[in-house]
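See below for the structure under consideration.
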Amino acid sequence: MWRRELAVSAPGKVILHGEHAVVLGKVALAVALDLRTFLRLRPGAEGRLSVSLPGVGVRRSWDSPGLRALRGRIAADEDESKSPSVEQLDALREFAGIAAGASAPESLATLAFLYMCLAISAKYGDVPSVEIVVWSELPTGAGLGSSAAYAVCLAAALLMVCGAISCPLQEGESTSRWTEEELTLINSWAFRGERVIHGNPSGVDNAVGTWGGALRYQAGKITPLKRVPTLRILLTNTKVPRSTKTLVAGVKEKILKFPAIMNPVLDSIDAISQECQSVLEAMPANPSPEHYPVLEEFFDINQHHLNVLGVGHPSLDRLCQVTASHSLHSKLTGAGGGGCGITLLPPDTSPLAVEAAKQDLCACGFECWETKIGAPGVTLHSCSSLSAQVLHALAQS
Ligand SMILES: Nc1ncnc2c1ncn2[C@@H]1O[C@H](COP(=O)(O)OP(=O)(O)OP(=O)(O)O)[C@@H](O)[C@H]1O
Ligand SMILES: C[C@@](O)(CCO)CC(=O)[O-]
Ligand SMILES: [Mg+2]
């Protein structure tokens with residue numbers, strides 16, 4: 001029986017280069033964002049599991065015998081590939097009253113929650129009697145890894161409640177993190193949760209949500225980037241909604257249709273990620289301003305490539321045009337099709353130019369803010385150490 005009231009948080013991410021290409025085994029460079037998802041965990045009534053997801057309007061509660069019976073059906077279908085099978089997802093949908101093919105945020109979030117809860121408890125313990133609330137500072141479905149931050153928080157909390165990982169927070173401490181081995185387990189379960197939401201994710205988003213910082217990701221291999229310069233980035237949300245799952249599927253279709261045309265584009269994106277990594281790693285030892293025009297050109301070239309892959313959007317073209325009129329360079333980040341773009345702010349950019357660019361972007365109906373990148377990965381918190389704003393948001397649910 002779980003007895004403590006605790007919180008778990010995980011950061012969103014910004015992909016500098018390699019989105020979409022990374023799904024097909026190419027290199028991506030990604031950094032953790034200073035916007036986080038928070039999960040509050042507390043003991044619930046004996047024999048009941050409750051979840052509240054205010055960001056997507058979900059408030060559900062189930063009794064343990066019903067969940068155990070469902071778990072029996074799910075576990076019987078467990079396959080070797082570790083991906084949730086069609087039969088498993090059908091059984092979960094039927095149980096939760098979600099229509100086949102429903103892809104609304106609340107349906108996917110509920111499905112991912114049930115899948116992770118049942119699969120983790122089947123392997124490591126009993127269905128927990130807890131109350132879970134998840135709230136995020138991240139916009140949902142905007143390219144900043146909200147699905148991965150959600151899955152990472154769920155994986156960490158559920159694995160801890162089921163005893164598969166430790167509860168590293170001592171009485172009196174405000175925050176704590178898990179060991180490398182435990183983080184690897186959290187990441188692998190978060191990846192399974194992402195699969196419920198995305199269909200075919202590369203795993204880069206959950207890796208950043210788990211480890212934080214800045215990393216290179218290729219085909220499941222995670223390499224933390226050390227000594228990365230503190231880049232100033234302006235983040236702009238076009239507020240055009242889109243689904244990562246649909247966009248990833250669209251790219252796959254295009255590649256199957258025109259392999260000889262599309263594969264060189266993926267190779268070029270791969271080369272951009274690798275060259276960008278070299279530049280970033282050279283910068284701390286040689287902090288010359290001449291690196292920035294190179295990084296800006298990489299942004300421009302990659303943005304064109306992403307348009308060729310079919311994941312651009314008129315709102316993103318507008319974002320690039322507006323920032324270009326202030327001599328700033330931008331690209332989409334994440335899955336594209338709307339969502340967010342990033343603009344590099346070289347150190348010599350005048351505060352007036354940044355302000356003017358922000359005003360013009362806001363006049364387009366976009367929202368923008370300067371970000372710090374390289375935030376810590378998944379973290380365990382005492383509830384009393386959370387800010388009043390986060391506590392208030394979690395208590396509203
Ligand atoms: N705070 C949250 N609470 C519950 N579910 C969430 C939350 N944030 C995200 N989700 C789930 O993740 C889905 C959005 O995932 P999606 O991958 O499309 O966008 P993203 O992760 O924000 O962007 P990207 O994958 O391009 O970085 C939502 O539909 C919802 O199911
Ligand atoms: C579009 C994509 O490359 C990044 C989404 O943040 C999908 C993925 O890597 O899973
Ligand atoms: Mg996502």
Under a 3.5 Å threshold, yes or no: a donor from one side chain and an acceptor from the other, between [X] and [Y]?
X      : Y      : value
Gln303 : Ser330 : no
Thr244 : Arg242 : yes
Thr238 : His313 : no
Asp317 : Gln321 : no
Glu182 : Ser166 : yes
Arg71  : Ser121 : yes

Please check if [X] and [Y] belong to a single hydrophobic cluster, counting links between Ile, Leu, Val, Met, Phe, Trp and Tyr side chain heavy atoms closer than 4.5 Å.
X      : Y      : result
Val161 : Val127 : yes
Leu280 : Tyr292 : yes
Met160 : Val51  : yes
Val196 : Phe191 : no

Out of curiosity, [X] [atom1] to [Y] [atom2], how far, rounded to the nearest 0.5 Å?
X      : Y      : atom1 : atom2 : value
Arg177 : Leu169 : CZ    : CG    : 13.0 Å
Thr323 : Asp360 : OG1   : CG    : 10.0 Å
Cys368 : Leu235 : SG    : CG    : 9.0 Å
Ile98  : Ser103 : CD1   : OG    : 11.0 Å
Leu332 : Leu316 : CG    : CG    : 5.5 Å
Arg68  : Leu118 : CZ    : CG    : 11.0 Å

Under the 3.5 angstrom rule, does the side chain of [X] hit a backbone N or O of [Y] as a donor-acceptor pair?
X      : Y      : value
Ser243 : Lys245 : yes
Tyr150 : Ala109 : yes
Ser147 : Glu194 : no
Ser176 : Pro168 : yes
His291 : Asn286 : yes
His20  : Ala335 : yes

Test item: [X] and [Y] side chains (from C-beta on) under 4.5 Å apart, heavy atoms:
X      : Y      : value
Glu171 : Arg4   : yes
Ile342 : Cys340 : no
Glu94  : Asp90  : no
Lys331 : Leu16  : no
Asn302 : Glu19  : yes
Thr379 : Arg36  : yes
Leu309 : Met262 : yes
His329 : Leu344 : no

By the definition side chain to side chain contact (heavy atoms under 4.5 Å, CB included), identify the one residue from Asn187, Val8, Leu39 that meets it with Val378. Val8

Using side chain to side chain contact (heavy atoms under 4.5 Å, CB included), reason through Leu183 and Ile186 one step at a time and then give a plain yes or no. CA-CA 5 Å; Leu183 291 176; Ile186 293 171; 4.3 Å; yes

Any salt bridge linking Arg216 with Glu281? Criterion: basic side-chain nitrogen under 4.0 Å from a carboxylate oxygen. no

Determine, step by step, whether Glu173 and Ser382 satisfy the side-chain hydrogen bond (donor to acceptor under 3.5 Å, both in side chains) criterion, reporting the C-alpha distance in whole Å, the side-chain angles of both residues, the deciding distance to 0.1 Å, and the verdict. CA-CA 7 Å; Glu173 273 184 336; Ser382 68; over 6 Å; no

Within the supplied structure, the quantity of interest is the number of heavy atoms (other residues, nucleotides, ligands) at a distance under 6.0 Å from Glu253 CD; does it exceed 12? no

